[in-house]
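Report on one structure; see the data block that follows.
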Amino acid sequence: MTETVRVRFAPSPTGALHIGGAHTALFNWLWARRMGGSFILRIEDSDRQRSTEAFEKTILSGMRWLGLDWDEGPDCGGDYGPYRQSERLDIYHRYAEELVGRGLAYREGEAIIQHVPQDRTLLFEDIVYGSIEIKSETIKDTVLIKSDGTPTYNFAVVVDDHTMAINYVIRGEDHIINTPKQILVYDALGWEIPHFAHLPMILGEDKKKLSKRQGATSVYDYRDLGYIPEGIFNFLALLGWSAGEDKEIFDRDEATALFDLSKVIKRKAVFDMKKLGFVNQEHLKRLDPARRLELISPFWKDLGLGKGNFDEAYLLRALDLLEGRGQTLKEMAEYSDFFLSFGPVKARYDGKDLSDETRAVLAPFFEALLELETWNHDAMADLARHWAGEQGMKLKDLAMPLRWALTGRKVSPGIFEVAAHLGREEVRHRLRHYGLAG
RNA sequence: GGUCCCAUCGUCUAGUGGCCUAGGACACAGCCCUUUCAAGGCUGCGGCACGGGUUCGAAUCCCGUUGGGACCGCCA
């Protein structure tokens, strides 16, 4: 008979959900889902000065955005609540008093401090790091309850984890050094010690602990940059763990099926934006078209582009023509702007490179193009090839000017596909603007 | 400084004594495809930090050195 896995993610609401926290939450979630256990969300707001309700809200919504749903938490309740430390003060006091009563802790002013034995070797088995031992001499007596009546982190986590029946403590490697202190509390209270699994830290490109000063650090920063939850989830899962069999691109369900805590490695991982971009792009390519359209809309809006009178089929097809171009929604929105409006095209291309001679050479071709009986890619490509052949020109001599006039860029999806999709009248309008058609 | 942890291509990783003249992915370079850029395909560049052991045999085990990181709060 095996115990039901209960894990928790316990952020303190003193900032948005950052990448490191998301990584920890993700691995907890993966383990809970893999083992058919419960994922608990607990808010560690015992630092009343820095904790805010707003931050708590953004952390919760950040997790929802990433698809990390929890079974028990401050918003949905559960059998082990309350789920905010600020609402559990009496519990901490009860246990702290108990230790004082048994002579294992003492008062100093309003504070309660635990006696730390000086002759013990504290040993624990970590699922990721193996056995770790620290001599108790190196630990000073530790404060359990602060003078203001709130519990310290090391005391509160233990009381919470035990009273919430957490049996797997999965958290960042920076907590390894706290673990012995916590074990002392477990021992003093006579509680069973949970399984510990510390996760390698995520480093910035400078190989230092990821911090605010290194640009985007909250998951919402990445969302606003155009990364999608599937991409971030996949990329984060790759840090410290691998699915095996050279499988690097996967969705939530695949990751859940393959995840194993004992396969987590110890080495710290650098957060590499380039790879994030690649992984995100792979998920962008796999996205359901309708959802992709829904997700990209805000980014068009940011560019000042409305969906205007375009129907859904037109927009869907426009994104389809991008064929994997763009690593983020933001890039996709930029790359497709000319489908929504001629405005940005005019803004970046003035046609001044077109001499009268060039216009004279190109105009007849564009006239013929606009007269085409069937308005589609093949007909345009055929015409262009024949025309180029007869005039001793290269296909690109015709394609590039058209590309500039239609998109305002030197790169774009296949230009005849673009022209076909834009429609004959819109193409005529743009060519006329640049004096390339009558 | 003290305590603890880590160490495979630039980066993410596979690898748990022989299958490793170390595999994959990102990035980079080149080629193919081609109306451009992507995408896709192919090729290339590039690594077991160093030194000692143990062993018939070490990327894999042990020791040391070096390098990196984390923590040393009545913050979490």
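Just so you know, these numbers use all the heavy atoms, side chains as well, and skip hydrogens, waters and symmetry mates. Protein chains get the first letters and strands the later ones, always in sequence-line order, with residue 1 at the start of each.
Classified by interplanar angle (parallel below 30°, tilted 30° to 60°, perpendicular above 60°), the ring pair A:Tyr434/A:Tyr349 is tilted. Aromatic ring pairs are classed by plane angle as parallel below 30°, tilted from 30° to 60° and perpendicular above 60°; the pair A:Phe196 and A:His198 is parallel.
In the region residues 398-422 of chain A, proximity to RNA chain B at under 4.0 angstrom, judged on heavy atoms, holds for A:Ala399, A:Met400, A:Arg403, A:Lys410, A:Val411, A:Ser412, A:Pro413, A:Gly414, A:Ile415, A:Phe416.
Comparing B:G15 with B:C20, their P atoms sit 14 Å apart, to the nearest whole Å. A gap of 24 Å separates the P atoms of B:G30 and B:G23, to the nearest Å. Nucleotides B:C26 and B:A38 place their P atoms 15 Å apart, quoted to the nearest Å. The gap from the P atom of B:G51 to that of B:C45 amounts to 24 Å, rounded to the nearest Å. The gap from the C1' atom of B:A59 to that of B:U21 amounts to 14 Å, rounded to the nearest Å. When the P atom is used for both B:G69 and B:C12, the distance is 14 Å, rounded to whole Å. Taking atom C1' on both B:C42 and B:C56, the two are 42 Å apart, rounded to the nearest angstrom. Taking the C1' atom of each, B:U35 and B:A27 are spaced 28 Å apart, rounded to whole Å.
Between A:Arg385 and A:Ile132, the residue anchored nearer the 5' end of RNA chain B, judged by the nucleotide with its closest heavy atom, is A:Ile132.
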Task: Residues A:Tyr83, A:Glu72; criterion side-chain hydrogen bond (donor to acceptor under 3.5 Å, both in side chains); working and verdict - done: CA-CA 8 Å; A:Tyr83 293 90; A:Glu72 297 169 28; 2.6 Å; yes

TODO: Using the side-chain hydrogen bond (donor to acceptor under 3.5 Å, both in side chains) rule, take A:Tyr106 and A:Asp141 through it: C-alpha gap first, then chi angles, then the decisive distance, then the call.
DONE: CA-CA 10 Å; A:Tyr106 55 94; A:Asp141 281 6; 2.9 Å; yes

Open item on the list: One pair to check against salt bridge (Lys or Arg N to Asp or Glu O under 4.0 Å): A:Glu173 and A:Lys268. What are the steps and the verdict?
Closed with: CA-CA 9 Å; A:Glu173 177 228 31; A:Lys268 290 174 250 293; 3.4 Å; yes

TODO: Decide yes or no on salt bridge (Lys or Arg N to Asp or Glu O under 4.0 Å) for A:Arg286 and A:Glu230, but give the supporting numbers first.
DONE: CA-CA 10 Å; A:Arg286 288 166 173 70; A:Glu230 291 88 334; over 6 Å; no

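Looking at heavy-atom distances under 4.0 Å, A:Lys135 makes no contact with the nucleic acid at all. Across all strands shown, A:Lys396 has heavy atoms under 4.0 Å from sugar-phosphate atoms exclusively, and none from any base. The residue A:Glu133 sits close only to the backbone: its heavy atoms come under 4.0 Å of sugar-phosphate atoms, none of a base. A:Asn178 comes within 4.0 angstrom of a base, heavy atoms only. Within 4.0 Å (heavy atoms only), A:Ile265 reaches sugar-phosphate atoms of the nucleic acid but no base atom. A:His198 comes within 4.0 angstrom of nothing in the nucleic acid, heavy atoms only. Among the protein residues, A:Thr14 comes within range of no part of the nucleic acid, since none of its heavy atoms lies under 4.0 Å from any strand. Base contact: A:Ser147 has a heavy atom under 4.0 Å from a base atom.
Here the nucleotide nearest the side chain of A:Asp272, chosen from B:C12, B:C4, B:U11, is B:U11. Side-chain proximity of A:Ile134 to B:U11, B:A70, B:C4: nearest is B:C4. Distance from the side chain of A:Leu239 is smallest to B:U13 among B:G24, B:U13, B:A76. If you check B:C37, B:C4, B:C74 against the side chain of A:Glu108, the one that comes closest is B:C74. The nucleotide whose nearest atom lies closest to any side-chain atom of A:Lys140 is, among B:A39, B:A76, B:G73, B:G73.
By the 6.0 Å and 45° rule, A:Arg317 does not stack over the aromatic ring of A:Tyr314. In this structure, A:Arg6 forms a cation-pi arrangement with A:Tyr80, its terminal cationic atom sitting closer than 6.0 Å to the ring centre and no more than 45° off the ring axis.
Taking the centre of each ring, A:Trp31 and A:Tyr168 come in below the 6.0 Å mark.
If you take CZ of A:Phe338 and P of B:C37, they are 15 Å apart, rounded to a whole angstrom. A straight line from CG of A:Leu203 to P of B:U11 spans 11 Å, rounded to a whole angstrom. Atom CG of A:Asp260 is separated from atom C1' of B:A14 by 15 Å (rounded to the nearest Å).
A donor and an acceptor atom never sit less than 3.5 Å apart when one is taken from the side chain of A:Lys268 and the other from the base of B:A70. Interface remark: the A:Glu248 side chain does form a donor-acceptor pair with the B:G24 base, using a distance-only criterion of under 3.5 Å.
Ion pairing of A:Asp337 with A:Arg409 is present here, as a side-chain N (NZ or NE/NH1/NH2) and a carboxylate O approach within less than 4.0 Å. With respect to A:Glu133 and A:Arg120, no salt bridge is recorded, no charged nitrogen being found less than 4.0 Å from a carboxylate O.
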Polar atom pairs (N or O), protein with nucleotides 46-48 of chain B, under 3.5 Å:
none

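Phosphate contact (OP1/OP2 of B:G10, side-chain N/O of A:Lys274, threshold under 4.0 Å): absent.
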